[in-house]
Amino acid sequence: MNFALEVDSVDQSFRTGFWMRPVRVLNEVSLRVPLGSIFGFVGSNGAGKTTLIHLLAGLRHPTAGKVQVFGFEASSIEARLRIGYLPERPYFHEHLTGNQLLKYYGALSGLAPKKILDRIPIVLESVGMTHARDRELRHYSKGMLQRIGIAQALIHNPPVLILDEPMSGLDPLGRREVRELLLRLSSEGHTIFFSSHILSDVEEICDQIALIHQGKILGFGPIGKFLSVHSLETEIIFQGIDESQMSGVMEFKTCNKIPGGFKGLVMGQEGVGQALSQLIGKGAKIRSVMPVRVSLEHYFEKVNLQDQKPWVEGSVISNDQANRNEA
Amino acid sequence: MIKPIAMKPKSWVVIRSVAWVTFIEIIRDKVLYNIVLCAILLFGLAILVSQLTFIYPERVILDFGMTGMVLSCGAIAIFTGSGLLAKEFDRRTINIALSHPISRRQFVAGKFAGLVGVLAVNWVLLGALYLTLLGLLSPTWNSSFSMILFVALFLVCVESVMMASLAVLFSAFSTTSLSVIFSLGVVLIGNNISHIRLLARQSSSKQAWIFQSIAMILPNFEHFSLGVQVSYGFPVPWSLMGLGVLYSSVMIALCLILAGLVIQAREV
């Protein structure tokens with residue numbers, strides 16, 4: 001089996017209001033999470049991220065479609081033995097100490113008492129919470145709660161971790177620690193599925209992503225696939241020539257004066273060599289040549305601007321499509 | 001790939017774990033201490049009032065003490081039981097628990113078991129205090145410590161467990177405050193079932209049918225009320241106690257099964 005999590009044509013509706021009218025929160029959602037991957041689930045607030053995560057954690061049943069964990073129906077005991085789950089804002093019984101909390105969830109996970117005692121120091125160590133094991137949870141900071149939340153998800157060493165916004169509300173240092181922890185867990189063989197709207201975090205650690213917007217998956221797959229749909233740009237910084245000499249360099253898309261020189265932007269990779277030879281020919285001194293990395297944020301902004309189109313499984317919305325809508 | 005190291009947990013392990021956390025949660029709640037304090041104050045009032053009477057001062061202590069026990073155990077059952085599941089949903093602590101390989105019915109049973117533990121501790125402590133006071137202050141020691149008193153105390157405990165199961169049932173589908181209102185309402189009516197039956201006998205056929213139905217459907221708490229027998233030393237047949245225990249067992253099981261079904265259907 002190559003996929004840890006599989007979601008097939010899932011619909012989810014909630015009944016709200018006095019007349020209990022159904023509101024569709026997820027619409028024909030399909031995605032697959034490869035084994036061993038760090039899968040980022042990206043979407044704006046209210047897009048349906050938490051709802052899908054609840055389905056994956058077996059907390060809800062979909063209105064239609066199938067949600068599977070290692071081939072088991074997500075709400076089955078077999079599936080829940082294989083996942084560790086952290087909700088978006090982890091609330092725990094605040095009178096428990098970190099140690100008691102882990103004992104409690106260890107018992108609910110089905111670990112033998114001796115195994116629980118063996119696992120507690122390991123998971124506390126891995127989330128950096130050994131020092132606070134005997135402190136009551138009501139004295140924990142938000143970051144500490146997040147980390148003890150990850151520890152409880154890890155207590156039974158599940159092959160899959162499902163984390164809802166694990167970095168939300170954390171300071172930059174805390175976010176970095178969680179990122180490093182996720183990378184380490186991934187290297188140990190865990191499959192990690194996490195939702196986030198902090199795109200830089202997703203971009204930094206994920207190898208796979210899915211994009212959800214208003215309950216529909218806009219695309220999923222390797223992160224590089226999303227970023228490569230944009231044409232590459234290269235930034236050249238140079239000095240030693242004046243503005244009148246620059247007009248001869250045809251390849252520049254834009255060129256701006258910066259302190260001590262100029263910054264030119266060249267579209268595509270073919271134009272870089274020509275622009276450089278022209279600049280050198282005019283006597284310019286090249287200070288730096290740097291490809292401009294298209295950020296996921298840039299991609300996300302464009303996709304969010306477009307109208308909803310029928311999604312294609314595993315597809316990535318093309319740059320042209322996004323640009324058309326932006327225009 | 002990482003192999004799972006956990007196995008499906010045994011039901012009793014899940015119930016014990018949830019019960020333990022619930023027990024700790026309740027005993028850290030200030031509401032509990034307020035209720036216990038009220039009961040102790042009522043005991044103090046019993047001592048005070050017994051000094052003001054010349055005939056049967058032990059009867060005053062008996063009555064006040066029993067009232068204190070009933071109110072304290074009942075209040076803990078209703079006020080803490082009503083928030084038991086509702087709070088789990090409000091604070092979403094239930095989400096993490098249910099993501100583990102446990103069933104919702106096991107969770108409800110664990111929560112209830114935790115509450116029963118608190119009720120038992122409260123009953124033992126207040127009961128011990130009550131009997132001590134009775135022993136120290138009652139001039140007729142032997143007559144006060146009758147078998148009926150112990151039977152009545154036991155039924156107070158059984159009654160409070162039944163109230164707790166009702167509160168847990170209401171807590172499964174409503175908010176904490178609504179559960180308190182529903183539970184108090186049912187307990188009040190349940191303590192007056194004989195009056196409702198009397199009303200049914202005196203009403204027209206249509207109204208009588210309604211009153212009879214209410215008396216049939218709602219739990220009858222009159223089975224557990226032995227206040228008069230304790231005060232006046234009337235004999236209590238063992239069958240009454242047996243019937244009370246059997247009746248409460250059926251009602252508790254019914255409430256918990258219903259609560260389990262409601263929780264099963266409820267969306268988190």
Side-chain angles (χ1 to χ4, degrees), chain A residues 1 4 14-15 35-36 54 56-61 70 75-96 100-101 103-113 115-116 119 136 138 149 152-153 155-160 162 164 185 188-191, chain B residues 1-32 83-111 113-114 118 263-268:
Chain A
M1 185 182 294
F14 296 135
R15 292 191 174 272
L35 264 178
H54 280 174
L56 289 168
L59 297 173
R60 288 180 188 281
H61 294 280
F70 290 103
S75 59
S76 68
I77 297 288
E78 287 78 11
R80 280 183 285 159
L81 280 168
R82 288 164 174 80
I83 63 154
Y85 164 66
L86 173 75
E88 184 178 353
R89 284 179 293 273
Y91 291 100
F92 301 112
H93 301 283
E94 55 183 22
H95 48 269
L96 297 180
Q100 288 172 329
L101 184 90
K103 274 187 189 167
Y104 172 52
Y105 287 119
L108 296 192
S109 304
L111 288 180
K115 197 79 188 165
I116 296 173
R119 286 286 300 163
E136 285 189 353
R138 63 200 167 109
Q152 68 76 29
I155 188 77
H156 54 301
N157 199 30
V160 182
I162 298 170
D164 195 357
L185 291 170
E188 287 168 9
H190 294 274
T191 303
Chain B
M1 192 190 97
I2 292 172
K3 291 256 183 285
I5 56 169
M7 291 172 71
K8 185 186 171 187
K10 291 184 175 72
S11 282
W12 68 269
V13 173
V14 174
I15 293 169
R16 189 191 59 187
S17 304
V18 176
W20 175 242
V21 169
T22 307
F23 182 84
I24 297 176
E25 189 185 10
I26 297 173
I27 59 165
R28 298 297 296 266
D29 197 340
K30 288 192 181 87
V31 174
L32 178 75
L84 215 56
L85 293 171
K87 269 188 200 166
E88 289 279 341
F89 281 98
D90 288 348
R91 296 183 308 197
R92 297 181 187 174
T93 40
I94 196 169
N95 285 12
I96 301 183
L98 294 183
S99 71
H100 290 88
I102 65 168
S103 75
R104 294 184 182 205
R105 285 186 299 273
Q106 288 170 340
F107 187 75
V108 172
K111 296 296 286 183
V118 174
I263 290 289
Q264 197 77 28
R266 187 169 167 176
E267 284 182 346
V268 293

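Convention: sequence-line order gives letters A, B, ...; per-chain numbering from 1. This is a predicted model, so every value here is computed, not measured.
Contact count against chain B (heavy-atom pairs under 4.5 Å) is highest for A/Glu136 among A/Glu136, A/Glu78, A/Gln100, A/His61.
For A/His156, the parts lying near chain B are the backbone and the side chain together; criterion is any non-hydrogen pair under 4.5 Å. For A/His190, the parts sitting under 4.5 Å from any heavy atom of chain B are the backbone and the side chain alike. The parts of A/Gln152 that come within reach of chain B are both its backbone and its side chain, each placing non-hydrogen atoms under 4.5 angstrom from that chain. When heavy atoms are compared at a cutoff of 4.5 Å, A/Lys103 does not approach chain B at all. For A/Glu88, no part sits under 4.5 Å from any heavy atom of chain B, backbone or side chain. Only the side chain of B/Arg28 has a heavy atom closer than 4.5 Å to any heavy atom of chain A. If you measure heavy-atom distances from A/Leu96 to chain B, the contacts under 4.5 Å come from the side chain alone.
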| request: Please step through side chain to side chain contact (heavy atoms under 4.5 Å, CB included) for the pair B/Met7 and A/Lys115, ending with a clear verdict. | output: CA-CA 12 Å; B/Met7 291 172 71; A/Lys115 197 79 188 165; over 6 Å; no
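The two atoms that bring A/Gly189 and B/Ile2 nearest to each other are C-CD1, 3.7 Å, heavy atoms only.
The existence of a salt bridge linking A/Arg15 and B/Glu267 is excluded, since no basic side-chain nitrogen approaches an acidic carboxylate oxygen closer than 4.0 Å.
Rounding to the nearest 0.5 Å gives a distance of 8.5 Å between NE2 of B/His100 and CD1 of A/Ile83. Distance check: A/Asn157 CG to B/Ile5 CD1 gives 5.0 Å after rounding to the nearest 0.5 Å. Taken from CD in B/Glu88 to OH in A/Tyr91, the straight-line distance is 13.5 Å, to the nearest 0.5 Å.
At a threshold of 4.5 Å between non-hydrogen side-chain atoms, the residues B/Asn95 and A/Tyr85 count as touching.
The side-chain contact (heavy atoms from CB on, under 4.5 Å) search around A/Leu81 returns A/Ile77, B/Ala6, B/Pro101, not counting sequence neighbours.
Heavy-atom neighbours of B/Arg92 CZ from other residues, nucleotides or ligands within 6.0 Å: at or below the threshold of 12.
Of the possible donor and acceptor atoms, one in the side chain of A/Arg80 sits under 3.5 Å from a partner among the backbone N and O of B/Leu98.
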Considering only distance and modelled atom types, tabulate donor-acceptor pairs under 3.5 Å from the side chains of residues 9-21 of chain B, sequence neighbours left out.
| residue | atom | partner | partner atom | Å |
| --- | --- | --- | --- | --- |
| B/Ser11 | OG | B/Gln106 | NE2 | 2.7 |
| B/Ser17 | OG | B/Val13 | O | 2.8 |

